[in-house]
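One structure is given here, and the rest of the page talks about it.
In this text, all values refer to a predicted model and were calculated from it rather than measured experimentally.
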Amino acid sequence: MGEPKEETKDITKKPEEEDVDEDVVDAFNVKSSKDTGIDYDRLIEKFGTQEIDQAMIERIERLTGERAHIFLRRGLFFSHRDMNKILDLYEQGRPFYLYTGRGPSSSALHMGHLIPFIFTRYLQRVFDVPCVIQLTDDEKYLHNPSLNIDQCRQYAIDNSKDIIALGFDINKTFIFRDTDYIGHCYHNVLIFQRHITLSQIKGIFGFDDSDNSGKYAFPAIQAIPSFSSSFPEIFGKDSKVPCLIPHAIDQDPYFRMTRDVAPRIKQLKPAAIHSKFFPALQGFKSKMSGSKESSAIFVTDTPKQVKNKINKYAFSGGQQTAEDQRKYGANLEIDIAYNYLIFFLEDDEKLKEIGEKYKSGEMLTGEVKAILVEILQNLVKNHQETRAKITDEIVLDYMKVRPLQVLPKGFKPIENKGENKDEEKKTKSQLKKEMKKEMAKKKKEAKKGKNNEEKKEDNSEVKEEKTETQKEERSQERKKQ
């Protein structure tokens, strides 16, 4: 789940249906109608998400005290749902956690698979928050008849090593296979499934009567890690800690469904931040396949393989001859080497210089590819060296069900203790009422000496706006009266 896919990945439709008149983006199909790829502005409008604007990026920089990740600065994470609310929480010193995942269908990951994890690790580091990572071995077994369950479980271990190698903090990270952890959160799965109909699942995901029943049941399993009560050992059985989900935009149907059901089962709607798709070597319209070596750079590739793939297969926006390239320049929008540099070249000024020179014809395609080859060779080499140190025992340590360091400082999970009928209502609006409490406290301090009886409130209002000590004092005063 969640990794950026190539622009033309389609696991269900026939070859004769490859060409499309308009972009197709859903949970299983990603197709572009143009050589330049998906129209993301139109996708924002269609899905009803919000654009990540410069003001939000600057706010993230201000709150974290460092420059935003290149994925944000360059618009690679481009859209969100309720990210502003997550930033409000952080600014107030309130808790939240991260949730992302991976469908383990092969032992080797390609570069596109790493994108959401690189960004999630950045978010974990700068906001200092816990992260849960779901490995949907059950989903891959249900959707791929060529895989058996033991293969999917082993792929989950293999993929975990690549994820851990990106630097996730073991004290703040819980990685779980669905087939291992389902018993801990099955109560939430059942509650969710009871509130979503077969007809709705068909409408959202396009299943028909020929699909196995497991496909219909699975969406609830991908939904419930959005609820902190699914992790009682970390957050508490009845906790209501907000969740932020970094994922590729094609996974949005799962979380639109989740956000629709959440209020009906008295859970918080998860927030989300969406990435663009990582293009295949052959271009924004060609199909990337984990079984087709020439379509992608894999984290297992040798330096020679990286070089050969880029030079031989990376689609060029440059001209056919050096003479024409000098004269007309390159089309950066469709050039794969340049677009890969947008993802992986850290230096903004150097990227800008390469873009200007390549577009004007001052640089040739071979020169741009040579820069990319060096960057990817170093990236893959460093990743392989780190991954080699990750043993099965280390993976199992990350998978151990255990309390995490719940950060940032002052992290206090919101609990629904169910003490009275008003408790659920109080929990749903807890964040706003916390601010009201602070304001009421400050107002009371500024008006010392005034008659407290001027602000008589009923018992439920006192519970919402006064601290525990103030509630006890008011109760005693009323008893005297």
Side-chain angles (χ1 to χ4, degrees), residues 3-11 13 15 18-20 23 29-38 74 76 105-116 118 162 248 250 275-322 324-325 328-345 351 354-355 357-359 361 363-384:
E3 68 268 14
K5 297 185 177 71
E6 69 292 347
E7 296 291 357
T8 57
K9 187 173 179 67
D10 185 348
I11 64 171
K13 295 190 177 181
E18 286 294 328
D19 291 333
V20 292
D23 295 342
N29 303 289
V30 177
K31 288 175 169 292
S32 172
S33 60
K34 300 177 181 178
D35 291 335
T36 52
I38 298 294
R74 297 174 187 172
L76 302 175
S105 57
S106 63
S107 61
L109 304 185
H110 57 64
M111 301 307 295
H113 294 141
L114 297 185
I115 300 303
I118 292 172
D162 287 309
D250 63 323
S275 74
K276 294 180 178 179
F277 301 111
F278 192 75
L281 284 169
Q282 286 78 7
F284 288 94
K285 292 188 68 176
S286 60
K287 182 177 181 180
M288 181 184 286
S289 170
S291 62
K292 188 176 181 181
E293 285 289 325
S294 63
S295 70
I297 303 298
F298 289 81
V299 294
T300 53
D301 284 346
T302 65
K304 183 178 180 181
Q305 286 176 316
V306 171
K307 182 178 180 179
N308 288 343
K309 286 182 179 181
I310 295 298
N311 287 335
K312 186 174 182 179
Y313 299 113
F315 186 82
S316 173
Q319 304 300 323
Q320 292 293 322
T321 66
D324 284 346
Q325 172 62 18
Y328 301 111
N331 181 348
L332 302 184
E333 290 187 327
I334 64 174
D335 190 271
I336 290 300
Y338 179 75
N339 277 276
Y340 277 22
L341 288 176
I342 295 175
F343 278 88
F344 297 117
L345 176 58
L351 179 66
I354 291 171
K357 289 183 177 180
Y358 192 29
K359 186 176 181 179
M363 287 186 74
L364 301 177
T365 299
E367 295 175 286
V368 177
K369 286 187 174 182
I371 295 171
L372 175 63
V373 165
E374 183 179 2
I375 291 173
L376 291 182
Q377 284 176 334
N378 289 333
L379 192 157
V380 171
K381 178 186 176 187
N382 292 337
H383 182 85
Q384 290 172 354

Closest contact, heavy atoms only, Lys369 versus Ala337: CG-CB, 3.9 Å

Determine whether Thr365 and Tyr358 make a side-chain contact, defined as any pair of heavy atoms from C-beta on separated by less than 4.5 Å. yes

Please report the closest heavy-atom contact between Phe343 and Pro279, naming both atoms and the distance. CE1-CD, 4.3 Å

Could you report the tightest heavy-atom contact between Ser107 and Asp162, atom names first, then the distance? O-OD2, 4.2 Å

Backbone N/O of Phe315 and side chain of Gln282: donor-acceptor pair under 3.5 Å: no

Closer than 3.5 angstrom, by distance alone: can the side chain of Gln319 be matched with the main-chain N or O of Gly329 as a donor-acceptor pair? yes

Using atom types as modelled and distance alone, determine if a side-chain donor or acceptor of Lys309 lies under 3.5 Å from a backbone N or O of Ala296. yes

Can you confirm whether Phe344 sits close enough to Ile115 that some side-chain heavy atom of one is under 4.5 Å from a side-chain heavy atom of the other? yes

With side chains defined as the heavy atoms from C-beta onward, is the minimum distance between Ile371 and Met363 less than 4.5 Å? yes

Could you tell me whether a side-chain N or O of Asn378 sits under 3.5 Å from a main-chain N or O of Glu374, the two making a donor and an acceptor? yes

Looking at Asn308 and Gln305, would you say the former's side chain and the latter's main chain have a donor-acceptor pair under 3.5 Å? no

Got a sec: does the CD of Glu333 have more than 12 other heavy atoms crowding it under 6.0 Å? no

Could you list the residues that satisfy ring-ring contact (aromatic ring centres under 6.0 Å, His included) with Tyr313, not counting sequence neighbours? none

Mark yes or no for whether Asp35, through its side chain, and Phe284, through its backbone, hold a donor-acceptor pair below 3.5 Å. no

All heavy atoms of Ala248 vs all of Phe277, minimum pair found to be CB-CE2, 4.4 Å

Parallel, tilted or perpendicular: rings of His113 and His110 (30°, 60°): parallel

Considering all heavy atoms, the nearest Ala108-Ser106 contact: O-OG, 3.1 Å

Return yes if some donor-acceptor pair links the side-chain N/O of Gln384 with the main-chain N/O of Asp301 below 3.5 Å, else return no. yes

Steps toward side-chain contact (heavy atoms from CB on, under 4.5 Å) verdict (Leu379, Ile297): CA-CA 11 Å; Leu379 192 157; Ile297 303 298; over 6 Å; no

Step by step, would you call Val380 with Phe298 a side-chain contact (heavy atoms from CB on, under 4.5 Å)? CA-CA 8 Å; Val380 171; Phe298 289 81; over 6 Å; no

With sequence neighbours excluded, residues passing salt bridge (charged side-chain N to carboxylate O under 4.0 Å, His left out) with Lys357: Glu353

